[in-house]
There are 2 protein chains.
Amino acid sequence: MAYSIEELKEYLKKYNIKPSTIRLKILGFLLENRVHPTADDIYKYLIDSIPTLSRTSVYNALELFTDKGIVKPVSLNEKELRYDIKTDFHGHFKCEICGNIYDFPLQNQVYSEDFLEGFTIKDIHINYYGICKKCNQKIKLNKNKEEY
Amino acid sequence: MAYSIEELKEYLKKYNIKPSTIRLKILGFLLENRVHPTADDIYKYLIDSIPTLSRTSVYNALELFTDKGIVKPVSLNEKELRYDIKTDFHGHFKCEICGNIYDFPLQNQVYSEDFLEGFTIKDIHINYYGICKKCNQKIKLNKNKEEY
DNA sequence: CTAAATGCAAACGGTTTGCAATGCT
DNA sequence: AGCATTGCAAACCGTTTGCATTTAG
């Protein structure tokens, strides 16, 4: 869960990115907290440890990470983009109540290829929306309370 | 392909929406041109026939349509939202070259339900990104030209 | 006459840009 | 010194908001 500076440097090196304090901290945050943060989430998290940090630098780093393929922007019908560290093919579930975003596994299968014959598929985003397990349980509990 | 005013009025009525000139024209546009337009696309299309039209009214109508369930906003990693008239469950393919958005059929099957046990799924967005057939063919043609 | 619908202008908020300041080798 | 990185302030742009005006029943 916790990554050493050396590991983070090594990680960036693999993607041909020069390490800098900001980049290492953003990468560390992304790796250790798989929360699909917005640029602002990252900014707010880092501002304590880098008081001079600017939002621009966060955007710069995220753009670089995106270009180099470390990170993937996802838009979940919100106005802000979120950033997902690249891992296995997976889907996203966004809870409309708590706002949490859950990853869930996907077999590497496409829905129907027939129509897309001749198309080059470079990326697939599978986004589910609804109510997560936890929030469903809370709803159930409140209903029970009301009954007494 | 072409809808009469009466048909459009009937359509709105089903969704409990009072017909107004703007709403009827937007609905007509959405039904007759399945291009997943942005609010601005719609505004630009209508401004000729309604010179006093404001963007606000387009947003108002789209918000109403969304609330009533006529239309579904989709965000395809762009800054603007697009609006999709609700039809069968289908996926979207966005071409990175021409920018066109293609619908493609999906069997109504979910990837892996196991993880999402206890979750309430209200909506599923399947977005593919890449190069469409037409653009692929153009690329091929250009390559052939270069060879001579 | 009343309520709904429309439109204008300003505000909002996430992101981008231009450029100056700073840091690194 | 020279180049990359960072940071500030302003611009940008899609969208929202407040409110005044117009329209429709």
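The basis for the numbers below is simple: all heavy atoms, side chains too, and nothing from hydrogens, waters or symmetry mates. So you know, we letter chains A, B, ... as the sequences are listed, proteins then strands, and number each from 1.
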Asker: Of the nucleotides D:dT5, C:dC8, D:dC8, which has the atom closest to the A:Arg23 side chain?
Answerer: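 Between D:dT5, C:dC8, D:dC8, the one nearest the side chain of A:Arg23 would be D:dT5.
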
Asker: What nucleotide among C:dG13, D:dT5, C:dA5 has an atom nearest to a side-chain atom of A:Lys79?
Answerer: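 The nucleotide sitting nearest to the side chain is C:dG13.
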
Asker: CG of B:Asn77 versus C1' of C:dT15: gap in Å, rounded?
Answerer: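 Computing the B:Asn77:CG to C:dT15:C1' distance gives 14 Å.
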
Asker: How many Å lie between CD1 on A:Ile17 and C1' on D:dT5, as a whole number?
Answerer: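 So the two atoms are 14 Å apart, to the nearest Å.
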
Asker: Can a salt bridge be assigned to the pair B:Lys133 and A:Glu117 using a cut-off of 4.0 Å between side-chain N and carboxylate O?
Answerer: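 Salt bridge between B:Lys133 and A:Glu117, a charged N being under 4.0 Å from a carboxylate O: no.
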
Asker: How would you label the contact of A:Asn60 with the nucleic acid (heavy atoms, under 4.0 Å): base, sugar-phosphate, or nothing?
Answerer: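 Contact class for A:Asn60: base.
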
Asker: Heavy atoms only, 4.0 Å cut-off, all strands: where does B:Thr52 land among base, sugar-phosphate and nothing?
Answerer: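 Here B:Thr52 touches the backbone only, sparing every base.
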
Asker: Of the nucleotides D:dT15, C:dC8, D:dT6, which has the atom closest to the B:Ser54 side chain?
Answerer: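 Of the candidates, C:dC8 comes closest.
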
Asker: So what does B:Ser20 hit on the nucleic acid, given a heavy-atom distance under 4.0 Å: a base, only sugar-phosphate, or nothing?
Answerer: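 Sugar-phosphate only.
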
Asker: Between B:Leu53 (CG) and C:dA9 (P), how many Å, whole number?
Answerer: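 Going from CG in B:Leu53 over to P in C:dA9 covers 15 Å.
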
Asker: Quick check for you: among C:dT6, D:dG7, D:dT15, whose closest atom lies nearest to any side-chain atom of B:Ser57?
Answerer: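 Nearest nucleotide to the side chain: C:dT6.
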
Asker: Could you state the atom-to-atom distance from CD1 of B:Ile42 to C1' of D:dT15 in whole Å?
Answerer: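 That distance rounds to 14 Å.
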
Asker: Is the count of non-hydrogen atoms from other residues, nucleotides or ligands lying under 6.0 Å from A:Lys72 atom NZ greater than 12?
Answerer: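 Result for NZ/A:Lys72: enclosed.
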
Asker: Separation of A:Tyr43 atom OH from C:dT15 atom C1', in whole Å?
Answerer: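 Spelled out: OH on A:Tyr43 to C1' on C:dT15 is 15 Å.
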
Asker: Measure CG/B:Leu81 against C1'/D:dT16 and give the value in whole Å, please.
Answerer: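 Between C1' of D:dT16 and CG of B:Leu81: 13 Å.
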
Asker: Could you check how far CG of B:Leu24 sits from P of C:dA5, rounded to whole Å?
Answerer: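 Rounding to the nearest Å, CG of B:Leu24 and P of C:dA5 are 12 Å apart.
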
Asker: Hey, is B:Arg34 close enough to B:Asp84 for a salt bridge, meaning N to O under 4.0 Å?
Answerer: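 Salt bridge flag = no for B:Asp84 with B:Arg34.
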
Asker: Does CD1 belonging to B:Ile139 count more than 12 external heavy atoms closer than 6.0 Å?
Answerer: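 Counting other residues, nucleotides and ligands, CD1 of B:Ile139 exceeds 12 neighbours.
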
Asker: Between A:Phe29 and A:Tyr45, does the ring centroid distance fall short of 6.0 Å?
Answerer: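 Close enough - the centres of the two rings lie under 6.0 Å apart.
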
Asker: Checking contacts here: which listed nucleotide (C:dC8, D:dG7, C:dA5) is nearest the side-chain heavy atoms of B:Lys18?
Answerer: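 The listed nucleotide nearest to B:Lys18's side chain is C:dA5.
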
Asker: By nearest nucleotide on DNA chain D, pick out whichever of A:Ile22 and B:Arg55 is the more 5' one.
Answerer: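 Closest to the 5' end, via its nearest nucleotide, is A:Ile22.
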
Asker: Report yes if a side-chain nitrogen or oxygen of B:Tyr59 is closer than 4.0 Å to either non-bridging phosphate oxygen (OP1 or OP2) of D:dT15; otherwise report no.
Answerer: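 So the side-chain polar atoms of B:Tyr59 do come within 4.0 Å of the phosphate oxygens OP1 or OP2 of D:dT15, strictly under.
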
Asker: Return whichever of A:Tyr83 or B:Ile50 has its heavy-atom-nearest nucleotide of DNA chain C closer to the 5' end.
Answerer: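 The residue closer to the strand's 5' end, by nearest nucleotide, is B:Ile50.
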
Asker: To the nearest Å, how far apart are B:Leu76 CG and D:dG14 C1'?
Answerer: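 That distance rounds to 16 Å.
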
Asker: Considering only D:dG14, D:dG7, C:dA5, which nucleotide approaches the side chain of B:Glu80 most closely?
Answerer: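 So the nucleotide nearest the side chain must be D:dG14.
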
